[in-house]
Each structure stands twice: as structure tokens, then as C-alpha cells.
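Just so you know, these numbers use all the heavy atoms, side chains as well, and skip hydrogens, waters and symmetry mates.
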2 protein chains.
Amino acid sequence: MHYTRDNMAGLLRSHDINPTHQRIEIAHALFSRQEHLSADQVMAIVNTRHSETSKATVYNTLKLFLEKGLVREVIVDPSKVFFDPNTSPHHHLYEVDSGKLSDIDAEHVQISGLPPLPPGMVTEGIDLIVRVRRKA
Amino acid sequence: MHYTRDNMAGLLRSHDINPTHQRIEIAHALFSRQEHLSADQVMAIVNTRHSETSKATVYNTLKLFLEKGLVREVIVDPSKVFFDPNTSPHHHLYEVDSGKLSDIDAEHVQISGLPPLPPGMVTEGIDLIVRVRRKA
DNA sequence: ACGGCGATCTGGACTTTGTCTAATATCCGG
DNA sequence: CCGGATATTAGACAAAGTCCAGATCGCCGT
């Protein structure tokens with residue numbers, strides 16, 4: 001299955017999101033690349049030709065995608081948030097010097113021995129980030 | 001062992017940090033509380049009476065502490081970095097609504113099945129963050 | 001006590017990421 | 001084609017953090 005602009009409309013609709021031009025462009029930017037992008041990067045991609053989509057819309061749209069479960073937020077860098085089109089359970093590998101972020105399949109990773117949650121709380125997610133650095 | 005200002009000087013020296021007034025105050029703020037503080041919070045604490053320590057110094061000092069391994073950086077909130085005086089291996093529990101951040105002892109937590117690192121890379125740290133939310 | 005010097009600190013300008021708002025544009029059902 | 005709801009926009013704004021040139025500190029040798 002390829003991520004064409006046409007498929008994006010269906011994807012958005014299936015997540016209860018009204019597919020507008022801008023939203024399709026932004027979804028396409030994320031899903032056709034299957035990469036972790038920051039809001040800045042999304043904006044740059046979407047506006048390569050002429051400026052077409054405003055900053056506010058990019059931020060609004062990414063937040064909407066997040067709420068609707070279309071993308072996931074990855075917080076590894078203090079200076080910017082990344083958006084991840086892969087919402088299946090997985091972890092992340094972060095190369096500190098280059099800023100490169102990649103997925104770690106959760107399939108074979110086991111986490112055990114976590115203490116019980118505080119009462120009245122539910123888990124929203126478990127983020128496992130392996131921070132690596134080029135050997136000296 | 002209590003974290004008095006006097007003890008701070010020794011602590012700093014043992015980490016190869018020249019103990020100045022400002023550095024002692026900042027270390028004291030972190031270690032006497034044993035809590036996760038943001039740069040803002042540190043600044044507020046240190047400057048309760050009169051303004052004594054500049055923003056630049058707070059940031060410089062926290063970065064210095066980080067480099068020297070005196071504190072650890074916790075990146076859970078996209079809008080600010082927390083500094084953690086507890087450098088022993090442990091994980092974090094983050095209450096999304098309240099912003100409260102607490103420690104999870106690493107002793108009983110087991111993580112297995114992580115894939116091998118890319119060649120030429122060394123692990124700088126593994127961050128495990130359990131994000132929780134008040135039950136609806 | 002004094003001068004000097006490297007290390008440290010400072011205010012303030014600046015950058016970057018992200019939010020907000022009020023006005024405008026678009027879409028859709030009738 | 002009209003009206004209302006929904007979406008988009010430019011630009012002002014806010015907050016966290018960086019940067020720099022000048023002031024200050026603490027300490028050493030004399």
C-alpha cells in the first residue's frame with residue numbers, strides 16, 4: 001500500500017478527521033516518508049514550492065492528528081517535538097550527536113517489574129528511549 | 001547525610017567543579033529537595049530573597065552539572081527540561097495532567113530483548129518513561 | 001595590602017518553538 | 001444561492017534557552 005494523496009483522504013476520514021487540502025498535504029508529508037518529523041520540517045516540506053500552509057495550521061493539524069491517534073509524539077530532544085506516523089507499539093533509538101531518531105520494534109523487547117500505578121491513574125503510554133553516541 | 005551548603009562545596013569539588021557561591025546555591029536547591037526541577041524553578045528558588053543569580057548563570061551552571069555528571073536531564077515535557085539530582089539508574093513516572101514527575105527505582109525493572117546498537121555507537125543512557133493520566 | 005589574571009557572573013539582546021486571536025475563506029445542506 | 005459551522009491565515013505574543021561583551025570575583029605572588 002502506497003501513501004498517495006488520494007489514500008490520505010480515506011485515512012483521515014477513518015480517523016474521524018475532515019480531509020482538507022492542508023491536512024492531506026501534511027498527512028502525506030508524514031506518511032509517504034515514514035519518518036519522524038518536527039513541526040518545522042513538516043512546514044518546510046509542505047511549503048517547498050510556494051508558501052501554501054501557515055504555521056498555525058501546521059501546528060493545529062499536528063495537534064489534531066495527535067488527538068485522533070493518527071500520529072504519535074516523540075519527546076527526545078529538549079528543543080523540538082517529533083511526530084511519528086508509526087503508531088504501533090515501538091521504542092526509539094536516538095543518536096545524540098546527529099539528532100537521528102529511529103524505531104525499535106517492540107516485538108522482542110520485554111519490560112518487566114514495573115511497580116503498580118498510583119491509584120486512579122491509567123497508563124497513557126510507555127516510552128523507552130535508547131540514547132546513543134558515537135564512540136570516542 | 002544532609003545536604004547542607006557546606007557539604008555542597010565538597011560535592012562540587014569531588015565532581016571537579018569549582019565551588020562558587022552561585023553553584024553552591026544551585027546545587028543546594030536541587031540536592032536539599034531531591035526533586036526534579038526545571039531551570040525556571042531553580043532560578044525562582046535561588047532568587048527568593050533578592051535577585052542574586054542571573055538567568056545565564058543558572059543555565060550555564062545546570063549545563064556544567066550535567067557535563068560533570070552531577071545531575072541528570074529528564075526530557076518528558078516538550079516545553080521544559082527537568083534536572084534530576086538522582087544520578088543512580090532509575091526510571092520516571094510522569095503524570096501528564098499535573099506535570100508531576102517521580103522516580104521509579106530501576107532495581108526491579110528488567111528490560112530485555114533490545115536489538116544490538118549500530119556499529120561504532122555506545123549507549124549514553126536508557127530512558128524509560130511511564131506516562132500516566134487520571135482515570136476518566 | 002596591592003596588582004594582576006584567569007575564571008566566573010551578569011544584563012540584555014536575540015533566537016526558536018510554539019500559542020493565540022480576530023478576521024477571512026471554504027464547505028455543505030437546504 | 002444563503003447561512004452557519006468549520007478551517008485557515010497573518011501576525012502579535014509568550015516562554016525557554018543561547019550568546020556576548022563587559023564587569024567582578026577570588027586568589028596568587030610580592
Mind listing the closest non-hydrogen atom pair of [X] and [Y] along with its distance?
X      : Y      : value
P85(B) : V71(B) : CA-CG1, 4.3 Å
N18(A) : R23(A) : O-NH1, 3.0 Å
Y3(A)  : M8(A)  : CD2-CE, 3.5 Å

Give the rounded distance in Å between these two atoms: [atom1] of [X] and [atom2] of [N].
X      : N       : atom1 : atom2 : answer
R23(A) : dT26(C) : CZ    : C1'   : 12 Å
Q41(B) : dG17(D) : CD    : C1'   : 16 Å
N18(A) : dG29(C) : CG    : P     : 11 Å
E25(B) : dT10(C) : CD    : C1'   : 17 Å
L37(A) : dT17(C) : CG    : P     : 14 Å
L12(A) : dC27(C) : CG    : P     : 15 Å
L62(A) : dT17(C) : CG    : C1'   : 13 Å
M43(B) : dG12(C) : CE    : P     : 14 Å

* Asked: Is any side-chain N of the basic residue among K100(A) and E95(A) closer than 4.0 Å to the acidic one's carboxylate O?
  ->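 Salt bridge between K100(A) and E95(A), a charged N being under 4.0 Å from a carboxylate O: yes.
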* Atom pair CD (E107(B)) and OG (S88(B)), whose distance is rounded to the nearest 0.5 Å ->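 Here the rounded value is 10.0 Å.
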* To do: Determine, step by step, whether N86(A) and D103(A) satisfy the side chain to side chain contact (heavy atoms under 4.5 Å, CB included) criterion, reporting the C-alpha distance in whole Å, the side-chain angles of both residues, the deciding distance to 0.1 Å, and the verdict.
  => CA-CA 9 Å; N86(A) 177 359; D103(A) 283 356; 3.0 Å; yes
* Could you identify which residues of residues 76-83 of chain B place a heavy atom less than 4.0 Å from some atom of DNA chain D, listed by residue number, or say none? =>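 S79(B), K80(B), V81(B) - these, ordered by number, are the residues of the stretch whose heavy atoms sit under 4.0 Å from the strand.
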* Would you indicate which nucleotide in dT19(C), dT9(D), dT18(D) comes nearest to any side-chain atom of Q22(A)? =>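 Among the listed nucleotides, the one closest to the side chain of Q22(A) is dT9(D).
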Using a cut-off of strictly less than 4.0 Å, decide whether [X] has a side-chain nitrogen or oxygen near OP1 or OP2 of [N].
X      : N       : answer
T20(B) : dC9(C)  : yes
N60(A) : dA7(D)  : no
Y59(B) : dG17(D) : yes

* Asked: What is the ring orientation for H92(A) with H36(A), classed by angle as parallel under 30°, tilted 30 to 60°, or perpendicular over 60°?
  ->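 Taking H36(A) first and then H92(A), their aromatic rings stand perpendicular (interplane angle over 60°).
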N/O contacts under 3.5 Å, protein versus nucleotides 10-12 of chain D?
none

* To do: Treat each ILVMFWY residue as a node, draw an edge where side-chain heavy atoms are under 4.5 Å apart, and state whether F65(B) and L37(B) are in one component.
  =>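 Looking at the clustering, L37(B) is in the same group as F65(B).
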* To do: Look at the side-chain heavy atoms of Ile, Leu, Val, Met, Phe, Trp and Tyr, link any pair under 4.5 Å apart, and say whether V46(B) and L66(B) land in one connected group.
  =>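 Same hydrophobic cluster.
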* From the options R131(A), R133(A), K135(A), select the one residue that forms a salt bridge (charged side-chain N to carboxylate O under 4.0 Å, His left out) with E124(B). =>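 The option that passes is R133(A).
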* Candidate pair R72(A) and H90(A), rule side chain to side chain contact (heavy atoms under 4.5 Å, CB included), full reasoning -> CA-CA 11 Å; R72(A) 184 169 145 179; H90(A) 67 279; 3.5 Å; yes
* Asked: When you look at N7(A) and T4(A), which way does the side chain to side chain donor-acceptor pair (under 3.5 Å) test go after all the steps?
  -> CA-CA 5 Å; N7(A) 295 334; T4(A) 65; 3.2 Å; yes
* Answer with base, sugar-phosphate or nothing: what part of the nucleic acid does T57(A) contact at a heavy-atom distance below 4.0 Å? =>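 Contact class for T57(A): base.
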What are the atom names and distances for every N/O pair under 3.5 Å that joins the protein to nucleotides 23-28 of chain D?
from	atom 1	to	atom 2	distance (Å)
dG26(D)	OP1	H21(B)	NE2	3.1

